[in-house]
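Single-structure report; data block below.
Bear in mind the structure is a predicted one, so any value in this text is a computation, not a measurement.
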There are 2 protein chains.
Amino acid sequence: MNLKELSEKLGLSQTTVSRALNGYPEVAEATRRKILEAAAKHNYRPNARAKSLATGRAMAVGHVIPVSSQHEMVNPIFADFIAGAGESYLRHGYDMVLSLVPDDEEERAYRELAAKGSVDGIIVHGPRIDDTRVEMLRKIGLPFVVHGRMSRRIDDYDWVDVNNLSAFRRATEFLLDLGHRRIALINGLVSMDFAERRLMGYVEALEERGLENDDALIRSGEMTEAYGFDATTEMLALTEPPTAFLCSSMIAAMGVRRAVELAELKLARDVSIITHDDDLSYLSNGREVPIFTATRSSVRQAGRICAERVIDLVQNPDQPAQHCLLEAELTVGQSTGPAPTNQT
Amino acid sequence: MNLKELSEKLGLSQTTVSRALNGYPEVAEATRRKILEAAAKHNYRPNARAKSLATGRAMAVGHVIPVSSQHEMVNPIFADFIAGAGESYLRHGYDMVLSLVPDDEEERAYRELAAKGSVDGIIVHGPRIDDTRVEMLRKIGLPFVVHGRMSRRIDDYDWVDVNNLSAFRRATEFLLDLGHRRIALINGLVSMDFAERRLMGYVEALEERGLENDDALIRSGEMTEAYGFDATTEMLALTEPPTAFLCSSMIAAMGVRRAVELAELKLARDVSIITHDDDLSYLSNGREVPIFTATRSSVRQAGRICAERVIDLVQNPDQPAQHCLLEAELTVGQSTGPAPTNQT
DNA sequence: ATCGATTTCCAAAGCGCTTTGGGCGCCGTC
DNA sequence: GACGGCGCCCAAAGCGCTTTGGAAATCGAT
């Protein structure tokens, strides 16, 4: 059933039917009611492609996910982000199109998305430190919102980010206050912007107390469980092993814990762990009492906000850039305790 | 830059340019070359919406994800599936559109997708035991592939699934062979098809040895870490606690392990765990030696296969239904050992 | 030179929708 | 009674592409 058939069935013109359906005022109420009824009865839905051809609106926003051998973007954190964004799209009647692209073809992919006209806006995922996508997208002229930030950039653009720096500074301070002096940082990939900010927060907190950071205690890598495990195992074998671990994700933290327990060390007594907790639905940090002491910030919420923002941007372009800096809250759980005193 | 402009610039008709670009034979090689060059130079991409209006092809496949208070579909397993499917779409030039829909509006959502014409085919996620979506989709006439199966259905449809029954039967047998008699099943949600098959495999293996299954040892729920932990904690408190746990996912298994360790029990010695391992990139089951003894089957691979299949189905409709049953391999890791002999 | 076959190209008709620019009847007003 | 204004509706022109049904040009064969 298309517009033409529907309007013929009603003995009205396509114009009138279209207007009635889209809520324009220049159609009599009685007629509108009749049209709405007929549309419902015949289960009529306007063809989205035709509609978007005519309006120039795709009613969809794109999520471009770089796939590389380096970094796997489609991860549990991404899944929760998507879930959050999806809620917003659902509410506004937008579609979400994911396209995986090899990272050496990213520019081409963005251009293509714009030229093909299959999306009205874009969410930029996994910003790297020296990311060039902002320039690119601006040149292309497609509205976009960055989930995260690009440290080295000065000009303005829309972003939604967690305050990674302050979160990790606070977490480090918390450990320092507990008497820990050798604190390991199990960070994300250094090339990622968020990882750099976290590193900065960690280093700042140490420096404030006049402590130097020890490179042997800093790791960065893809935040898998195995990575957390391996990094921790190696560090625990040091002559001066760390007494606390600051960890970039719940999943990696589970690896850290596994390593700690394998070493027959007791959590909170021998070794403390603080992790960043993205508040993932499948990896909630315990029920009432958090398992891990953690800096928590819901990535699902970030997804919602990003999506809302990009939709707003699509509907009202030429706004000044907005920023949303989410503060992570430090919740104390069962994984931290005072530094062991029998420390050499 | 659109077709019209490009063809004017070349002094050719839109027809010829279109044909040259789409590889039709009725255009001279010299002309074609000239056209391709100009297209590349001006960075011309055909507008996808216009193209799909004209061809009737959306070049996109939809993934409909029911969002309900009951069951959260956007989980880490889903993420890996999507990643796999995405690879296939990338290879074939298809887009992937995700739409979250409230589960009481699923029918409406599928109809809408079909009527709106924004996708050519659909992947059905999370089939439930008494799922009616097959009928619905068939009535609508949209090609689809189910990831999983619907147990109670007789008529034929395309699906890609892991052999859950045989996987869990083998896992159960493996534990029985190790002398375990009280084996707990930490299953997925009962309403899910895969969970029922796993239960069947488990029960069959027990019955074969003349054992009855004890309802106190069977749980089903959303496969989160916390769920695994809670279920295990409760069962370990039974007067006759299980000596082995059969677990439906790595994430839940991590919760099981946490509970086991909290109870000061030693894995493989006091308590054994076998889990199903979807071979998630972020939760790999150890490096050389698997952490958990597991029935492994890559859900990412399943994603690839599903996507390939649905594309094939879109391009060549009216094929007889195909099925792909993936066998899970049982890999022995560090989480299983003979049943403790000091058993009461 | 003529003719049919081939090659190479084009004009124009859609695909299903929105939207512009009226048209037509009806009202109240001077 | 003519006229401007308003309410309701319509025909038709796009949106950017594909594809049908030729037409013109080229060529070898007669």
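Put simply, OH on Y44(B) is 6 Å from P on dT18(D), counting in whole angstrom units. Between E8(A) atom CD and dA11(D) atom C1' the separation is 14 Å, expressed in whole Å. Rounded to an integer number of Å, the gap from R32(B) CZ to dC9(C) P is 10 Å. Atom OH of Y24(A) and atom P of dG7(D) are 18 Å apart (whole Å). Rounded to whole Å, the distance from CD on E26(B) to C1' on dT19(D) is 10 Å. Rounded to whole angstrom, the span from the CD atom of E5(A) across to the P atom of dC17(C) amounts to 9 Å. Residue N47(A) contributes atom CG, which lies 13 Å from atom C1' of dT18(C) at whole-angstrom precision. If you measure from atom CG of L21(A) to atom P of dT18(C), you get 8 Å, rounded to the nearest angstrom.
Put simply, K51(A) has a side-chain N or O that comes within less than 4.0 Å of OP1 or OP2 on dT18(C). In this structure, N2(B) does not reach the dC15(D) phosphate: none of its side-chain N or O atoms is under 4.0 Å from OP1 or OP2. Residue S13(A) has a polar side-chain atom (N or O) positioned under 4.0 Å from OP1 or OP2 of dC10(D).
In this structure, T31(B) reaches the sugar-phosphate backbone alone: every heavy-atom distance under 4.0 Å involves primed, P, OP1 or OP2 atoms, never a base. Among the atoms of the strands shown, base atoms are found under 4.0 Å from some heavy atom of R19(A). Among the atoms of the strands shown, only primed sugar atoms or phosphate atoms (P, OP1, OP2) are found under 4.0 Å from some heavy atom of T55(A).
Of the candidates dT8(C), dT19(D), dC9(D), the closest approach to any side-chain atom of A28(A) belongs to dC9(D). Distance from the side chain of A54(A) is smallest to dC17(C) among dC17(D), dC17(C), dC10(C). The side chain of T16(B) lies closest to dC10(C), out of dC9(D), dG16(C), dC10(C). Of the listed nucleotides (dT8(C), dT19(C), dC17(C)), dC17(C) has the atom at the smallest distance from the side chain of L3(A).
Between K9(B) and E5(B) there is no salt bridge, since none of the side-chain N atoms of the basic residue sits less than 4.0 Å from a carboxylate O of the acidic one. Between E107(B) and R111(B) there is a salt bridge, since at least one side-chain N of the basic residue sits less than 4.0 Å from a carboxylate O of the acidic one. Under a 4.0 Å N-O distance rule, the pair E135(A)/R138(A) does not qualify as a salt bridge.
Counting distance only, with no hydrogens placed and no angle test, the side-chain atoms of T15(B) and the base atoms of dT19(D) include a donor-acceptor pair under 3.5 Å.
Using the six-membered ring where Trp is involved, F81(A) and H125(A) have ring planes that are perpendicular, over 60° apart on the 30 and 60° scheme. Classification of the Y94(B)-Y89(B) ring pair by plane angle, with boundaries at 30° and 60°, yields tilted.
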